[in-house]
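Down below is the structure, laid out as structure tokens.
The chains referred to below are lettered A, B, ... by the order of the sequence lines, with proteins before strands, and numbering in each begins at 1.
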Number of protein chains: 2
Amino acid sequence: MARQSETEKSLCNCTALRKATRRVSQLYDSALEPCGLRTTQRSILMQIARSGRPPPLGELAEALVMDRGALTHTLKPLQRDRLIEIRIDPEDRRNRLVALTAAGRKKIAESTALWKRAQAGFETAFGVAKSAALREALEFVVSEDFVAAFNRRSDAKHA
Amino acid sequence: MARQSETEKSLCNCTALRKATRRVSQLYDSALEPCGLRTTQRSILMQIARSGRPPPLGELAEALVMDRGALTHTLKPLQRDRLIEIRIDPEDRRNRLVALTAAGRKKIAESTALWKRAQAGFETAFGVAKSAALREALEFVVSEDFVAAFNRRSDAKHA
DNA sequence: GACGATTACTTGCATATGCACACATATCAT
DNA sequence: ATGATATGTGTGCATATGCAAGTAATCGTC
């Protein structure tokens, strides 16, 4: 008797992603808790480390698929805890270079064992191969190609 | 010459999810912008509608894979804008029943055309079948089975 | 029928994010 | 040089979330 809308599950891809992210973030954050880092914070520190040099804020934001302003805010706690340092680029004084401190590197090391446990939990539960496939799918969603295709379709707006 | 950690991509499933969610949320929110709802807000209204009756806050939070406290906060703007109403359950005065108002239903209707465009953009870019598969994968990640399996593995803690 | 345990929320505090607007610095055409 | 532009950030405001501690209402039990 119930109308369809009252019983069917949500088909929204965005909602599905947000739900899953809430759940998984809770699990990873819980695992990381002993080291005092959140997943987001660790991902920022790791991205800086992977850059091999202190990246300008904009580049870091882009790598993290994050708004510049949002990143500025998010860096505050890390800066306060002396895990990172923000310097003005002498080459171009508009740039802010985000650098890991010694404490930052140490914190990464400290968090890695905890992260591995969470990651192992995920891969055990979801499957190693399926996890890799999922990451690949999500990477595509984040790519320029995806965004372009998305907009090409929905730009059938009223522009 | 670069150390591996400086060049390899992140393998963190949680980070991958968060990145993708940021991107996709931006796209959907942008599409929904004309109606004044965010994806999260729309997903809340839709979940209430699907319930078929005003659900207690806790049940709503669970359906949305969201913390109760977080949901309480998130409902504030919707309540302020009179899209929902929160009533005390006469059957059990501890419960808060979250009900759609007429304006809420109207807002859902208003947002649906916009949502469909965003959803179509996603499905065009990612593929209809792959989208369905992705949602299914994400649904599993959200399930109790997944959480149980995740914890079984990572509970090799020091408890 | 009062007391302790349980359940359902609310609040306060902190981080996570995005957007629009204000600022500073760099570039470039004239 | 100089003003118009372009670029890279910082800030303020609003929503999104989670957790811990406090509060209210219910229940089970003696």
Handout entry: Listed partners of Q79(B) passing side chain to side chain donor-acceptor pair (under 3.5 Å), at least two apart
Key = none
Problem - Those residues that, when tested against E59(A), pass side chain to side chain donor-acceptor pair (under 3.5 Å) (two or more places apart) - result: R53(A)
Fill in the blank from the handout: Here the residues of residues 93-102 of chain B within 4.0 Å heavy-atom distance, strictly under, of DNA chain C are R94(B), N95(B), R96(B)
Practice task
Quickly work out the L27(B) CG to dG18(C) C1' distance and round it to whole Å.
Solution key: 13 Å
Exercise for the section: Assess whether side chain to side chain donor-acceptor pair (under 3.5 Å) is satisfied between R18(A) and S43(B), documenting all intermediate values. Expected result: CA-CA 10 Å; R18(A) 293 188 73 97; S43(B) 73; over 6 Å; no
Fill in the blank from the handout: Test side chain to side chain contact (heavy atoms under 4.5 Å, CB included), reference L37(B), set D81(B), L83(B), I108(B), L114(B), output is L83(B)
Problem - Under-4.0 Å side-chain N/O to phosphate OP1/OP2 contact, T72(A) with dG10(D) - result: yes
Practice task
Give the ring-plane orientation class for F150(B) versus Y28(A), where under 30° counts as parallel, over 60° as perpendicular and anything between as tilted.
Solution key: tilted
Handout entry: Whole-Å distance separating the CZ atom of R87(B) from the C1' atom of dT10(C)
Key = 20 Å
Handout entry: ring-ring contact (aromatic ring centres under 6.0 Å, His included) partners of F126(B), counting only residues at least two apart
Key = F122(B)
Exercise for the section: Would you kindly give the NZ-to-C1' distance between K76(B) and dC9(C), to the nearest whole Å? Expected result: 11 Å
Fill in the blank from the handout: side-chain hydrogen bond (donor to acceptor under 3.5 Å, both in side chains) pairs touching residues 69-78 of chain B, sequence neighbours excluded, are none
Exercise for the section: May I ask you to decide whether R135(B) forms a salt bridge with E123(B), counting only side-chain N to carboxylate O separations under 4.0 Å? Expected result: yes
Exercise for the section: Select from D92(A) and G58(B) the residue whose nearest nucleotide in DNA chain C is closer to the 5' end of that strand. Expected result: G58(B)
Exercise for the section: Assign a letter to each nucleotide of nucleotides 14-23 of chain D from its 5' end: B, base within under 4.0 Å of a protein heavy atom; S, sugar-phosphate only; -, no contact. Expected result: -SSBBB----
Practice task
Figure out the CD1/P separation between I88(A) and dT9(D), and round it to whole Å.
Solution key: 11 Å
Handout entry: Length of the CG-P vector between D89(A) and dT7(D), whole Å
Key = 17 Å
